[in-house]
Amino acid sequence: MTRLSVILGGAIVLAATAFMLVGGYKFLTFTKALRGWGTEDISGLPQVPLSKMLSTDLTTVDFLVFKDGPRGWYLVNDPARHNETEIGFYGRRFLGHLTNTAPVATYCEGDTDAKIIWAVRDARETAAMAYCNVSRMDFAPLLPHAQPVSLTGEEVTAAALNALRAEIAADPSRRFVDVPPAPLPFSHVRSLRPPMLWSQDPGADVAMTAAIAEAMQGAPHALRIQNDRVNYASFYAEGSTDMVYGSFIETDEGRAVLDGLYLYAPYIEVSCAPADCARLDGLDLAPIVAPWRPSAPLAAALAAPVPLPNESSGRGTSPRDPEQPNDGLLLPRPHDMADTATLIAETRAIKTRVRYITLKDD
């Protein structure tokens, strides 16, 4: 063994040892950080004026509500006094630095140990900041000026909301954090499923909107059409260099794609008063949407469905259910495309999300 080979061998061993030490240190640091997630360590946080952190002038705010991690929710009645109060604030996250964007409120499931603060004006949240990691904000400067509260969030009908407004107006210990302006424009809604569509020509939404307006006979209403494309795929068929594009369906042989055909499953919600919603009884949109249901391309696609190479997992939902909007995996079957009925759900009360706080006795 030459002297050079001994030197090179020693250098390699030293380099490998150094690499293992550095890698081990980084691994230990990483695992320590994971173990410390959720453990509050607010030392070293930059101090930032509260108004700057919330990007709003607190003299224009009615009150503040904040969640101090597991310690719970608190109310600050006099936010104007704290316009320049400095609190510990982590600021931008890593991606914020990369994209030069300001920090935004980030909520997490359950928010058990989160730090959250809302600025409220006219019973609406006007500014907010939130972190899942409790070490990202320090509310200690606010605690001497805060009262413990409980927060309630619920979805209520218009009738229940009117009763709740009266209750909270008469109870000084409670106040809204987030509630829509009164009165609500409509108290009820009715949803419809017209026949499915597959033509690429525009205009179906306009035609259906006009037909519904005619059925409502001038009654006040608001209409929303969710006309999403049914789940579609693009892939190379086995043994072919041609790309397959189209919507996938459920067949007796499994899931397949209708090559070149893009299915649409319109879901329509009409907001209205209960008596006016009843005007939609018996509405038939099949003649209106017939131009967007050409038979020839459908027949050609159904005659040669292309099997999916990797069949998607999970149960699909029906694109013909008037009770369900186009959320999740819609899996039509051939008989769904053939169905020309306009399916109309029963009139239901609209539910609105509200949040309010109640002062705690202790």
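Residues take their numbers from the sequence shown, with the count starting at 1. The basis for the numbers below is simple: all heavy atoms, side chains too, and nothing from hydrogens, waters or symmetry mates.
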Heavy-atom closest pair, residues Pro266 and Pro195: CD-O, 4.0 Å
In terms of hydrophobic clusters joined by side-chain contacts under 4.5 Å, are Ile288 and Leu280 together? yes
Closest contact, heavy atoms only, Cys272 versus Phe186: CA-CD2, 3.5 Å
side-chain contact (heavy atoms from CB on, under 4.5 Å) partner of Val177, the single match among Val65, Leu75, Val354, Val149: Val65
Residues forming a side-chain contact (heavy atoms from CB on, under 4.5 Å) with Ala290, sequence neighbours excluded: none
Check Arg333 with Asp336, please: is the shortest side-chain N to carboxylate O separation under 4.0 Å? no
Could you walk me through whether Glu269 and Arg348 pass the salt bridge (charged side-chain N to carboxylate O under 4.0 Å, His left out) check? CA-CA 11 Å; Glu269 286 186 342; Arg348 67 181 187 276; 3.3 Å; yes
Between the side chain of Asn83 and the main-chain N/O of Leu58, is any donor-acceptor distance below 3.5 Å? yes
Taking only Lys NZ, Arg NE, NH1 and NH2, and the carboxylate oxygens of Asp or Glu, determine whether Arg121 and Asp57 approach each other closer than 4.0 Å. no
Mind telling me whether Phe66 and Phe139 have parallel, tilted or perpendicular rings, with 30° and 60° as the class edges? tilted
Going by the angle between their ring planes, with limits at 30° and 60°, are Trp118 and Tyr107 parallel, tilted or perpendicular? tilted
Measuring only between side-chain heavy atoms, which start at C-beta, is Val179 closer than 4.5 Å to Leu161? yes
Shortest non-hydrogen contact between Leu54 and Ala127, atoms and distance: O-CB, 3.6 Å
Run the salt-bridge test on Arg353 and Glu155 with the 4.0 Å N-O cut-off and return the result as yes or no. no
For Tyr264 against Arg229, the heavy-atom pair lying closest together: OH-NH2, 3.4 Å
Please find the pair of heavy atoms, one from Asp284 and one from Ala286, that lie closest to each other, and give the distance. OD1-N, 3.1 Å
Arg193 and Asp321 have their tightest heavy-atom pair at NE-O, 3.1 Å
